[in-house]
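Only heavy atoms go into these numbers, but all of them, side chains included; no hydrogens, no water, no symmetry mates. Numbered from 1 within each chain, the chains take letters A, B, ... in sequence-line order.
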Protein chains: 2
Amino acid sequence: MSPSPDRAADGSTDRTAGASVLVVDDEHAIVRALTAALEARHYRVTAARTGHEALELAATMTPDVVVLDLGLPDLDGLEVCRRIRRWSEVPIIVLTAEGSDRVKVQALDEGADDYVTKPFSTPELLARLRVALRHHRRSASDDADLAEHQVGELVVDHLHHEVRVAGERLDLTPKEFGFLAVLARHPGRVFTHRMILQEVWGEAYGTETQYLRVYASQIRKKLAGRPAPVLVTEPGVGYRLVDAADGS
Amino acid sequence: MSPSPDRAADGSTDRTAGASVLVVDDEHAIVRALTAALEARHYRVTAARTGHEALELAATMTPDVVVLDLGLPDLDGLEVCRRIRRWSEVPIIVLTAEGSDRVKVQALDEGADDYVTKPFSTPELLARLRVALRHHRRSASDDADLAEHQVGELVVDHLHHEVRVAGERLDLTPKEFGFLAVLARHPGRVFTHRMILQEVWGEAYGTETQYLRVYASQIRKKLAGRPAPVLVTEPGVGYRLVDAADGS
DNA sequence: CCGCTGCGCCAAGATCCCGTAAAGATCGGC
DNA sequence: GCCGATCTTTACGGGATCTTGGCGCAGCGG
């Protein structure tokens, strides 16, 4: 490609900035050095000193990546790795003093995503951290791709940004689409005026209820005569989307 | 998630068995040793000796993972890495003799997923290979990682960096190519302004929507009068590429 | 019975967004 | 250092969309 101005040679400015990192190590010096280096790159850093603390924090703060020293006072580092892997796929970068192949291989097979031996080069660790975040970001966005809501014969397809009724494409303006998409997220449930306005128009528009009347009307017009759900008014409260066939 | 029955301690029997590996190195001894080690684990191995050969094979055989030596006779290894990343997210494990930090960091930021210095420990390399395969397995469901994408009569060939319509080469500028290539990766799907801008121009350009209008216009002009797909505008949202023949 | 309130609906501006052309600015090759 | 290709920026017309005000209606309480 062309030389992008945003790709710094050291990768310090990239989309991984601002991610939260859990650093697990009992050596104070290491924690301090790592924290400093990471915060300088605008990561949010949390430190844990023991295995149990690490497990606790991994669960409560849901970090974007974990840097894990294997030599912990209470639990075996490998055990920590294994336990996190039981419920989370957060990237784990293992850090260790000894360079034994056996441990290295075991850690990687146990669910670690990378392995760096001490003494480590900080730039290298940071680069590997960016790799881990890159991966995680990718698989996370894959999950979000599956967004599609169905209400009776009506399908709101966020991926293609279109609405289909009985398979036929329905042509909506951006605001109309937004309105309908909000309601379709929870069929039958009431959304207040405020909720819809703030979601579609923005935070500041919480009271412009006349917009809703206009757009509700237009949406109903476009849905009329089709085997589609009905846009129901909840007087004084808001709107909801109800499948014509059932009375939920 | 749950403790997998396929996770043996030495990793010899796991779900990654049978995967295809592309080994890129000009040293015969390394290739021989690696091939032997990999085939013993029932991987399918293909070897490339030069950068160009590597790119060609990466495109035609779509390996599950690439092991890439940076010291190649024709192309810089980093360049190979970059070119593969233009169209594929196949895991790349970089292999190199020199241990310079700068190169290491650069390779990782350039798209490499891991980095091993020679002389390397075979068990470790194999373990890292398993990690790479584990990662990619997650998002291997889509067909975005192909060197060629076809939409109707239009073919985007990432390897040769060219576009053909009905077999005839279409002359595009780099930005035009990038724009079209993004859309062709998922025909019919909407790409938001932000997505396209960040992919083609860079992270920092997420709001420069006037570029898109200019280039959309130019691309349409070049596609006009040919049996090509149509570049459709989704007002307020983005663009998508639709085969003229069908309505997807 | 009457006024008030909230809603549906309409239609006229106002505004935003898009497409297009064309003029600088920039870059790379010769 | 010039020249051509490409990228960036500006400007403008047209059209779709959004916003706004108004009107009629129904329900409700005074």
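- Put simply, the side chain of A:V155 does not reach to within 4.5 Å of the side chain of A:V163, judged on heavy atoms.
- Atom P of nucleotide C:dT20 and atom CG of B:L231 are separated by 10 Å, given to the nearest angstrom.
- Where B:P235 and B:D171 meet DNA chain D, the nucleotide closest to each residue was compared, and B:D171 sits on the side nearer the 5' end.
- Summarising the geometry, the separation between CD1 on B:I219 and C1' on C:dG19 is reported as 13 Å, rounded to the nearest angstrom.
- Legend: residues meeting side chain to side chain donor-acceptor pair (under 3.5 Å) with A:E124, ordered by chain and number and at least two apart, are A:R128, B:K104.
- For CZ of B:R169, the number of neighbouring non-hydrogen atoms (other residues, nucleotides, ligands) closer than 6.0 Å is greater than 12.
- In terms of position along DNA chain D, the nucleotide closest to B:E176 lies nearer the 5' end than the nucleotide closest to the other residue of the pair A:P174 and B:E176.
- Between A:Y239 and the phosphate of C:dG8, there is a side-chain N or O to OP1/OP2 separation shorter than 4.0 Å.
- Within a 6.0 Å radius of CZ in B:R220, other residues, nucleotides and ligands contribute more than 12 heavy atoms.
- Close to D:dT6, at under 4.0 Å from its OP1 or OP2, lies no side-chain N or O of B:T173.
- In this structure, B:K221 atom NZ and C:dA22 atom C1' are separated by 10 Å, rounded to whole Å.
- Between B:F177 atom CZ and D:dT6 atom P the separation is 14 Å, expressed in whole Å.
- Straight-line distance from the CG atom of A:L223 to the C1' atom of C:dC9: 16 Å, rounded to whole Å.
- Within a 6.0 Å radius of CZ in B:F120, more than 12 heavy atoms belonging to other residues, nucleotides or ligands are found.
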So which protein N/O to nucleotides 23-29 of chain D N/O distances come out below 3.5 Å?
none

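- Both tests hold for A:R189 against A:F191: distance to the six-membered ring centre under 6.0 Å, angle to the ring axis within 45°.
- Between A:T233 and the phosphate of C:dG8, there is a side-chain N or O to OP1/OP2 separation shorter than 4.0 Å.
- One can place CD of A:E234 at 11 Å from P of C:dC7, the figure rounded to the nearest angstrom.
- A salt bridge links A:R164 with A:E162: the closest approach of a Lys/Arg side-chain nitrogen to an acidic carboxylate oxygen falls below 4.0 angstrom.
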Check nucleotides 19-22 of chain D against the protein and report each pair of N or O atoms closer than 3.5 Å, with its distance, or say if there are none.
from   : atom 1 : to     : atom 2 : distance (Å)
D:dT19 : OP2    : A:W201 : NE1    : 2.6
D:dT20 : OP2    : A:Y211 : OH     : 2.7

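- Taking CG of B:L22 as the reference point, atom CG of B:L68 lies at 8.5 Å (rounded to 0.5 Å).
- Here the two rings, on A:H149 and A:H158, have centers that are under 6.0 Å apart.
- In this structure, A:L172 places its CG atom 16 Å from P of D:dA16, rounding to the nearest Å.
- Within the 4.0 Å cut-off from OP1 or OP2 of C:dC17, not a single side-chain nitrogen or oxygen of B:T209 is found.
- Distances shorter than 4.0 Å separate some side-chain N or O of B:H193 from OP1 or OP2 on C:dC18.
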